There are 2 protein chains.
Amino acid sequence: MGRKAGIEKSDIAQAAARIADRDGLDAATLSAVARELGIKTPSLYNHVDGLEGLRRLLAIHGSEIVLSDFKAAVDGIEGAEALKALSEADREFASRHPGLYSSFLPAPTEESDPELYTAMAAPAFLVAHVMLDMGIPQEEALHLVRALRALLHGFLELEANRGFGMPIDIDESFDRSVDLMIEAITAAAARHK
Amino acid sequence: MGRKAGIEKSDIAQAAARIADRDGLDAATLSAVARELGIKTPSLYNHVDGLEGLRRLLAIHGSEIVLSDFKAAVDGIEGAEALKALSEADREFASRHPGLYSSFLPAPTEESDPELYTAMAAPAFLVAHVMLDMGIPQEEALHLVRALRALLHGFLELEANRGFGMPIDIDESFDRSVDLMIEAITAAAARHK
DNA sequence: CAGTATGTCTAAACCCTTTAGTCTTGTCAA
DNA sequence: TTGACAAGACTAAAGGGTTTAGACATACTG
């Protein structure tokens, strides 16, 4: 056999994403991806640095989608409305791409993997930007970005993993939780007007 | 060889917890646990239903610790103060037992595994109880429990996985995020006085 | 004291990851 | 045109984890 299959890195990312979103991140093994692509497992090592490299590829792929979703979500709006749109876009992404969403943790540090770090930080920067535009001072904005991210991440992960036992409407819980956080952020902005 | 080792389920839970908290949940394999206990891997199947059973054991073990930590945290206090104490106890647990903390997801449903479900729901019920005692009507309390749980879970998981890139004080972010949420909960309580 | 249940073990299959080395094929320069 | 090289596939094989099956020793129980 020669080099006929012609696999590209993007083919690998897409196949892995398909598997991860369908069967869970753990199902996106090197052998499953190779099977999906019609090649043998060791051949993947010509494109990707082992299992860890595959996870990295997934995280980058996912971050790109999130960033473009976020950009579309805030297009033309700002302030509290933009934050709500970002929150909903985040939930939409997590629900459409559960496998990619799980690939975001553990996160790299800026030193351990600058490329991946940058790709993953971009959506967070976008959120921070909205808050800065609301007039919130930088340091406070960073704390508030963390609060919002934590709320969103926790909610989405609990939702995805059946962490919420009670039989009441989850959509409403999400709306209320997010609104509550956004109101607090709006109040912080007003305090600095 | 006969039956001399005399392994108990609690020995397995403790060994697995030690490994998971030290080297991560994924390191708590059947073979690592068997090694730690001085027996062979297949012998574990006499006590535990495979890898999944081991995870289940960890989650129950962790839930029991969380519940007792939570009970100690709220002892003698109530209202906003109790919520703050619970939040700090949660963070303390996650930092002391990162492996056990990760074992909580994915969560079972009440039908799929009633025993584990009950064990894991107990700490959440305790939080709900504090809110009900504050005078918040049941349905709203359930939404607010979700909001607080989401915030805490998201924060702790992001913190544990280096998800927060920015170089500002994480303790302060935690305090602010939690206070912000508790203020909203207090306001909801006041609305129903 | 005999029989049974318990709990350990060994053996073996299966799957996934990873390394090493082979071989085919496309490309590019002489 | 052709020969060398690089890319990218492959096979072979090792190593580790999970899991089942079956053997065997030890402790209880009547």
Side-chain angles (χ1 to χ4, degrees), chain A residues 1-61 99-100 102-103 106 108 112-113 116, chain B residues 1-61 99-100 102-103 106 108 112-113 116:
Chain A
M1 311 248 163
R3 80 193 226 206
K4 60 168 178 258
I7 300 295
E8 300 279 338
K9 229 172 195 155
S10 62
D11 299 324
I12 297 178
Q14 281 172 22
R18 204 161 38 237
I19 296 169
D21 286 339
R22 180 167 24 90
D23 305 326
L25 182 59
D26 289 348
T29 64
L30 289 173
S31 53
V33 171
R35 215 175 298 133
E36 180 101 357
L37 293 171
I39 63 177
K40 302 291 178 177
T41 309
S43 305
L44 281 176
Y45 282 77
N46 290 315
H47 305 279
V48 145
D49 193 10
L51 185 59
E52 199 173 333
L54 183 70
R55 301 297 251 279
R56 209 184 88 96
L57 204 60
L58 274 178
I60 291 179
H61 183 64
L100 287 178
S102 335
S103 80
S112 71
D113 188 337
L116 179 53
Chain B
M1 309 252 165
R3 80 192 229 209
K4 62 167 177 254
I7 301 294
E8 298 280 336
K9 228 173 196 156
S10 63
D11 298 325
I12 298 178
Q14 280 173 22
R18 206 162 35 238
I19 296 170
D21 285 339
R22 178 166 27 88
D23 305 326
L25 182 60
D26 289 347
T29 63
L30 290 173
S31 52
V33 171
R35 217 175 297 134
E36 180 101 356
L37 292 172
I39 62 176
K40 302 291 177 178
T41 309
S43 305
L44 281 176
Y45 282 77
N46 289 314
H47 305 280
V48 145
D49 193 8
L51 185 59
E52 199 173 332
L54 184 69
R55 300 299 249 278
R56 208 183 89 97
L57 205 59
L58 274 178
I60 291 180
H61 184 63
L100 287 179
S102 335
S103 81
S112 72
D113 189 338
L116 179 53

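Just so we're on the same page: letters track the sequence lines, and every chain starts at 1. Computed from a prediction, not measured in an experiment: that's the story for all the values here.
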**Request:** Mark yes when over 12 heavy atoms from residues, nucleotides or ligands other than A:Asp23 sit less than 6.0 Å from its CG; otherwise mark no.
**Result:** yes

**Complete:** On a heavy-atom basis, the closest approach of B:Gly53 and B:Val48 is C-CG1, 3.8 Å

**Request:** Work out which heavy atom in B:Ser103 is nearest to a heavy atom in B:Leu100; give both atom names and the distance.
**Result:** OG-O, 2.7 Å

**Prompt:** Side-chain N or O of A:Thr41 less than 4.0 angstrom from OP1 or OP2 on C:dT18?
**Reply:** no

**Prompt:** For C:dC15, does either OP1 or OP2 sit under 4.0 Å from a side-chain N or O belonging to A:Arg35?
**Reply:** no

**Request:** Choose from C:dT18, C:dC16, D:dG17 the nucleotide whose nearest atom is closest to any side-chain atom of A:Leu30.
**Result:** C:dT18

**Message:** I'd like to check B:Leu25 versus B:Leu58 (side-chain heavy atoms, cut-off strictly below 4.5 Å). Are they in contact?
**Reply:** yes

**Request:** Begin with the C-alpha distance, continue with both residues' side-chain angles, and end with the deciding distance and a verdict on side-chain contact (heavy atoms from CB on, under 4.5 Å) for A:Leu54 and A:Leu44.
**Result:** CA-CA 9 Å; A:Leu54 183 70; A:Leu44 281 176; 5.8 Å; no

**Message:** I need the A:Arg35 CZ to A:Thr29 OG1 distance, nearest 0.5 Å.
**Reply:** 6.0 Å

Whole angstrom value for the distance that separates [atom2] of [N] from [atom1] of [X]:
X	N	atom1	atom2	answer
A:Lys40	C:dG21	NZ	C1'	18 Å
A:Ile39	C:dT18	CD1	P	15 Å
B:Leu37	C:dC9	CG	P	11 Å

**Request:** Name every residue in residues 42-58 of chain A that has at least one heavy atom under 4.0 Å from any atom of DNA chain D, in order of residue number, or write none if there are no such residues.
**Result:** A:Pro42, A:Ser43, A:Asn46, A:His47

